[in-house]
**Student:** 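The structure that follows is given in the form of structure tokens.
Start at 1 with the first residue, then count along the sequence. Scope of the values below: all heavy atoms of this structure, side chains included, with no hydrogens, waters or symmetry mates. Everything numeric here is computed off the predicted structure, so don't read it as measured data.
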Amino acid sequence: MKEFWETVLDFCQQTTSEVSNFLIRDFGQVSATRKADGTLVTESDRMADQAIRQAIHDWFPTHGVLTEETEHVFPSNDWCWIVDPIDGTTNFTRGIPIWGISLGLAFRGIPVFGYVYFPMFATAYYGYFYGDSGLEGPHQGAYCNGKPITTSSDAPSYNHLFNLCARSTHIMTRPFPCKLRLMGVASYNVLLVASGASLGGIEATPKVWDLAAAWVILLAAGGVIHTLDDGDTFPLQIGQNYGERSFACLSAGNEDLFNTFLAFVRP
């Protein structure tokens, strides 16, 4: 199993490095069109999606794929990659350097490994969290560029941060116990919590490919993330189309912080 996980990490590092070469070339130079769900897509998204799917086929021919741009139905494969080729397409098209390539690996519908690379910062977050998957592995924890990261257990104050998404700005209409930040990238918002830079964050309408990799990394770093509507996010269900399904969620450094923030983010 150790060799398998080393291959998984090598695959993520090599593939995101190769894909980022042409994404950096296109950064701020491409126009976007609007999809049916209101999100944006560019030719760069499609090229990255194709390149990542081909790389998965070459490295792991028995693994399934669920991606934002092409494959929305969860397959029956035991192992499945959950891919967002560009998380933060709006930032990408407008020349704002906060955008990333997100690769989550699920076992029987439960994400157990996540890798998110931000090319403009040359920064890679990754982590292992086996949870209820039934797996055990030699690797544990969460990392940023190879160094361990953990969440913060500080009490909220105006010297601490809480992340918003564009569809959760209603929170700003009433007093909040932290300074608020809006980055425009779902995975980055969650990863800021995983690294301890923020105490928590809310995402109102993320899709599974926005969350899967960062979800694992946050749990591996000691954090907490729960959906705000009924039903479990994971395991994903075979045959389910996830193209139209969103998962409103709240993340925090620990359960106490989660409960503190929950009272503020509920409508």
**Student:** Check whether any side-chain N or O of Arg245 sits under 3.5 Å from a backbone N or O of Gln240 as a donor-acceptor pair, and report yes or no.
**Tutor:**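 Such a contact is absent between Arg245 side chain and Gln240 backbone.
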**Student:** Would you say Thr260's side chain and Phe258's backbone share a donor-acceptor pair under 3.5 angstrom?
**Tutor:**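 Here the side-chain-to-backbone pair does not exist.
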**Student:** Does Asp132 have more than 12 heavy atoms from other residues, nucleotides or ligands lying within 6.0 Å of its CG?
**Tutor:**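 No, the 6.0 Å shell around CG holds no more than 12 heavy atoms from other groups.
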**Student:** Nearest 0.5 Å please: distance from the NE2 atom of His139 over to the OH atom of Tyr128.
**Tutor:**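 Going from NE2 on His139 over to OH on Tyr128, the span is 5.0 Å.
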**Student:** Quick one: salt bridge (Lys or Arg N to Asp or Glu O under 4.0 Å) partners of Asp78, sequence neighbours excluded?
**Tutor:**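 So Asp78 forms a salt bridge (Lys or Arg N to Asp or Glu O under 4.0 Å) with Arg108.
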**Student:** If a pair satisfies side-chain hydrogen bond (donor to acceptor under 3.5 Å, both in side chains) and one of its residues is in residues 47-58, list it, with sequence neighbours excluded.
**Tutor:**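 Qualifying pairs: Asp49-Arg53, Asp49-Thr67, Asp49-Thr70, Arg53-Thr70, Gln54-Asp58.
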**Student:** So, using side chain to side chain contact (heavy atoms under 4.5 Å, CB included) as the criterion, who are the partners of Phe11 when residues are at least two apart?
**Tutor:**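 Testing Phe11 for side chain to side chain contact (heavy atoms under 4.5 Å, CB included), a comparison that skips the adjacent residues, returns Thr15, Ala55, Ile56, Trp59, Phe60, Trp81, Leu103.
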**Student:** Sort and list the pairs that fulfil side-chain hydrogen bond (donor to acceptor under 3.5 Å, both in side chains) and have at least one residue in residues 175-188, not counting sequence neighbours.
**Tutor:**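 Every pair satisfying side-chain hydrogen bond (donor to acceptor under 3.5 Å, both in side chains) with a residue in residues 175-188: Asp87-Ser187.
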**Student:** Counting C-beta onward and ignoring hydrogens, is there a side-chain heavy-atom pair between Glu136 and Tyr130 closer than 4.5 Å?
**Tutor:**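 The answer is no, as the side chains (C-beta and beyond) never meet within the 4.5 Å cut-off.
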**Student:** Quick one: name the residues clustered hydrophobically with Tyr158, using the 4.5 Å side-chain heavy-atom rule over I, L, V, M, F, W, Y, and just say none if it's on its own.
**Tutor:**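 Besides Tyr158, the cluster holds no residue at all.
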**Student:** For the atom pair OG (Ser152) and CG (Leu192), what is the distance rounded to the nearest 0.5 Å?
**Tutor:**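 Between atom OG of Ser152 and atom CG of Leu192 there are 12.5 Å.
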**Student:** Tracing side-chain links under 4.5 Å among I, L, V, M, F, W and Y, which residues wind up in one group with Leu211?
**Tutor:**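 Grouped by the 4.5 Å side-chain rule, Leu66, Phe74, Ile82, Phe129, Val190, Val193, Val208, Trp209, Trp215, Val216, Leu218, Leu219, Ile225, Phe234, Leu236, Ile238, Tyr242, Phe247 form the rest of the cluster around Leu211.
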**Student:** So, using side chain to side chain contact (heavy atoms under 4.5 Å, CB included) as the criterion, who are the partners of Thr169 when residues are at least two apart?
**Tutor:**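 Residues passing side chain to side chain contact (heavy atoms under 4.5 Å, CB included) with Thr169: Met172, Leu182.
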**Student:** For Lys207, is there any backbone N or O sitting under 3.5 Å from a side-chain donor or acceptor partner on Asp210?
**Tutor:**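 Yes: the side chain of Asp210 pairs with the backbone of Lys207.
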**Student:** Under 6.0 Å between ring centres, would you say that holds for Phe4 and Trp79?
**Tutor:**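 Yes, ring centres under 6.0 Å apart.
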**Student:** Would you say the side chain of Asp154 lies within less than 4.5 Å of the side chain of His160, judging by non-hydrogen atoms?
**Tutor:**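 Heavy-atom side-chain distance check passes, below 4.5 Å.
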**Student:** Is a donor from one side chain sitting under 3.5 angstrom from an acceptor on the other, for Asp26 and Ser44?
**Tutor:**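 A donor-acceptor contact under 3.5 Å links the two side chains.
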**Student:** Could you check whether any side-chain N or O of Thr16 sits under 3.5 Å from a backbone N or O of Cys12, counting only pairs where one atom can act as donor and the other as acceptor?
**Tutor:**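 Checking the backbone N and O of Cys12 against the side chain of Thr16, a donor-acceptor pair under 3.5 Å is found.
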**Student:** I'd like a table of donor-acceptor pairs (distance under 3.5 Å, sequence neighbours excluded) in which one partner is a side-chain atom from residues 198-206, with atom names and distances.
**Tutor:**
from, atom 1, to, atom 2, distance (Å)
Ser198, OG, Asn163, OD1, 3.1
Ser198, OG, Asn163, ND2, 3.3
Glu203, OE2, Asn189, ND2, 2.6
Thr205, OG1, Arg167, NH1, 3.3

**Student:** Are Tyr143 and Tyr125, when compared by the centres of their aromatic rings, separated by less than 6.0 Å?
**Tutor:**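 Here the rings of Tyr125 and Tyr143 have centres that are no less than 6.0 Å from each other.
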**Student:** Considering only heavy atoms from C-beta outward, does the side chain of Thr151 approach that of Ser153 to under 4.5 Å?
**Tutor:**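 They are not in contact (no side-chain heavy atoms under 4.5 Å apart), so the answer is no.
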**Student:** Who pairs with Thr173 by side-chain hydrogen bond (donor to acceptor under 3.5 Å, both in side chains), at least two apart in sequence or on another chain?
**Tutor:**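 Scan of Thr173 (side-chain hydrogen bond (donor to acceptor under 3.5 Å, both in side chains), adjacent residues dropped) gives none.
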**Student:** Specify the closest pair of heavy atoms between Pro119 and Ile101, including all atoms of both residues, with the distance to one decimal.
**Tutor:**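 Answer, listing the atom of Pro119 first, then Ile101: CG-CD1, 4.3 Å.
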**Student:** Quick one: does Asn91's side chain have a donor or acceptor within less than 3.5 Å of a partner on Ile98's backbone?
**Tutor:**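 Yes, Asn91 side chain to Ile98 backbone: donor-acceptor pair under 3.5 Å.
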**Student:** Quick one: closest heavy-atom pair of Gly127 and Ile217, and the distance?
**Tutor:**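 So the minimum-distance heavy-atom pair works out to N-CG1, 3.6 Å.
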**Student:** Look up atom CH2 in Trp5 and atom CG in Asp10, then write down how far apart they are to the nearest 0.5 Å.
**Tutor:**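 Trp5 atom CH2 to Asp10 atom CG measures 13.5 Å (nearest 0.5 Å).
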**Student:** Report the residues that fulfil salt bridge (Lys or Arg N to Asp or Glu O under 4.0 Å) with Glu18, sequence neighbours left out, ordered by chain and then residue number.
**Tutor:**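 For Glu18 there are no salt bridge (Lys or Arg N to Asp or Glu O under 4.0 Å) partners, ignoring immediate neighbours.
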**Student:** Examine the side chains of Thr42 and Asp45 and answer whether a donor and an acceptor come within less than 3.5 Å of each other.
**Tutor:**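 The criterion, which ignores hydrogens and geometry beyond distance, is satisfied for Asp45 and Thr42.
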**Student:** Compare all side-chain heavy atoms of Arg25 with those of Gln29 and state whether any distance is below 4.5 angstrom.
**Tutor:**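 They are not in contact (no side-chain heavy atoms under 4.5 Å apart), so the answer is no.
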**Student:** Output the distance between atom CD1 (Ile171) and atom SG (Cys178), rounded to the nearest 0.5 Å.
**Tutor:**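 Going from the CD1 atom of Ile171 to the SG atom of Cys178 covers 11.0 Å.
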**Student:** Given 3.5 Å as the limit, does a donor-acceptor pair link the side chain of Ser17 with the main chain of Gln14, or not?
**Tutor:**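 No, because the side chain of Ser17 does not come within donor-acceptor range (under 3.5 Å) of the backbone of Gln14.
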**Student:** Taking side-chain hydrogen bond (donor to acceptor under 3.5 Å, both in side chains) as the test, write out the residues that go with Gln237, two or more places apart.
**Tutor:**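 side-chain hydrogen bond (donor to acceptor under 3.5 Å, both in side chains) list for Gln237, sorted by chain: empty.
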**Student:** State which residues pass side-chain hydrogen bond (donor to acceptor under 3.5 Å, both in side chains) with His72; sequence neighbours excluded, sorted by chain then number.
**Tutor:**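 Testing His72 for side-chain hydrogen bond (donor to acceptor under 3.5 Å, both in side chains), a comparison that skips the adjacent residues, returns none.
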